[in-house]
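Whatever order the structure lists ligands and atoms in, that order sets their numbers, starting from 1.
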Amino acid sequence: MVNPEVQRLVADMKSGKIRALSRAISWVESQTKESSELLEKVYACAKAPWVIGITGVGGAGKSSLVPHIAKYFANQGRRVAVLAVDPSSPITGGALLGDRIRDNGGQQHPHIFFRSVASRGGQGGLATCVSDLTRVVSTAGFDVVLIETVGAGQSELAILNVAHTIMLIHAPGLGDDIQAQKAGVMEIADVLVVNKADKPGAQDAVLMLQQALLLSEKNAHMHEGLNLTTNHPAHWHPPVVSTIAIEGKGIEQTCQQLQAHFAYLQLDEGYEKRNHAHVMKRMHDYIKQLVLDRLAHQIQTPSVQIRMEKELTSLTHDPLGTARELADSFFQSQATHSEFSQLLRQTSQKETAP
Ligand SMILES: Nc1nc2c(ncn2[C@@H]2O[C@H](COP(=O)(O)OP(=O)(O)OP(=O)(O)O)[C@@H](O)[C@H]2O)c(=O)[nH]1
Ligand SMILES: [Mg+2]
């Protein structure tokens, strides 16, 4: 039976009621019992919005740039949702960015929605539900989503699972971190920004990034499964732009590059391919979560607990052996659902493949 509360919430979101949107986000974040039905409706009616991931080391100026970028697109008539993932200071960090997005008079731009998202449950400082949240805000008519992630080195790569366009922010004075960035994040960046161009060393940082890009350009394209030697119609060469966020300088150039990347994604179905990869990743995450939850539920019965303890204390089993036996017996008991079991086997084979 369709839950009338869910139906009302979706209808209210579609008619632009911001309180309904905030409520829907809270449901999805805390996985309330209604959230599953809500997501079913959301995915059925909402297109994947253009998601721009903003990443880079701490203090580079991500939160200072995001409001300018949001306003640029909003002033073009687009509706922009900003999701800030900030585990270091979930209250103050989010509030700070929220304040910056408001105009001097304290008014929120009518086409900008801001929400701070807790990073729990996610890898790489990115809550797993962020992917679902992009569809939730799309239901409410937001067609551009900016996600500020926490600068966390390698784990920043998680933004690939959600974003179509990835913007990497760097700033002079953070030179040591560029080594870490080269190792992985450089390869996934679509637009690179050297912020704090008012500071000494900014021009050197631009040159350093351009050199690093030349080295990693081949890899940068490989993550999309493209091969430079094939007949792909065009290749994206990540540009490096300079900004001074505190003075609002370089914003237009940055946003034009973001739009150029969006246009590039329309070639050769690049945008659709990323959408497809995003929903597949989300489904794999859900499978893992569901299997783990069900397995944990089975294991937590008193008889199983006693058996496990006996085996482990009598030293007849090691922890891995006991865990394997339990998992095997659970999946055998599910053997009647052969299609499901086959799907799970394929999934685990895929994930354990080197
Ligand atoms: N001189 C100068 N300072 C800037 C500029 N942009 C940002 N800042 C300052 O740099 C500091 C960090 O900026 P944030 O925008 O909070 O940086 P962030 O990347 O969001 O930092 P985390 O969220 O902690 O990772 C703040 O004190 C800003 O005022 C700039 O263009 N020039
Ligand atoms: Mg920040």
Of the backbone atoms (N, CA, C, O) and the side-chain heavy atoms from C-beta on, which set of [X] has a member under 4.0 Å from an atom of ligand 1: side chain, backbone, both, or neither?
X: I169; result: neither
X: K199; result: side chain
X: N195; result: side chain

> Do any pairs count as a ring-ring contact (aromatic ring centres under 6.0 Å, His included) and have a residue in residues 28-57, sequence neighbours left out, and if so which ones?
Replying inline: W50-F73, W50-F262
> Is the shortest heavy-atom distance from the side chain of H170 to the side chain of N195 under 4.5 Å?
Replying inline: no
>> Are V51 and V144 packed together at the side-chain level, in the sense that at least one heavy-atom pair is separated by less than 4.5 angstrom?
In response: no
In ligand 1, which numbered atoms sit nearer than 4.0 Å to a non-hydrogen atom of [X]?
X: S63; answer: 15 (O), 18 (P), 20 (O), 23 (O)
X: D198; answer: 1 (N), 2 (C), 30 (C), 31 (O), 32 (N)
X: G61; answer: 13 (O), 14 (P), 15 (O), 17 (O), 18 (P), 19 (O)

> Quick check: does A245 get an N/O under 3.5 Å from an N/O on ligand 1?
Replying inline: yes
> When only distance counts, is T243 in polar contact with ligand 1, meaning an N/O pair under 3.5 Å?
Replying inline: no
> Can a non-hydrogen atom of E148 be found less than 4.0 Å from any atom of ligand 1?
Replying inline: yes
> So which of the N, O or S atoms of E148 lies nearest the Mg ion (ligand 2)?
Replying inline: OE2
>> Tell me the nearest of S64, G58, G59 to atom 28 (C) of ligand 1, using heavy-atom distances.
In response: S64
Pairing of [X] and [Y] as salt bridge, 4.0 angstrom limit:
X: K41; Y: E34; value: no
X: D143; Y: R78; value: yes
X: K281; Y: D285; value: yes

>> Under a 3.5 Å cutoff, is there a donor and acceptor pairing between the side chains of N75 and H111?
In response: no
> N/O/S of S63 less than 2.8 Å from the Mg ion (ligand 2)?
Replying inline: yes
> Can you check side chain to side chain donor-acceptor pair (under 3.5 Å) on T243 and T254, steps first, answer last?
Replying inline: CA-CA 8 Å; T243 57; T254 304; 5.5 Å; no
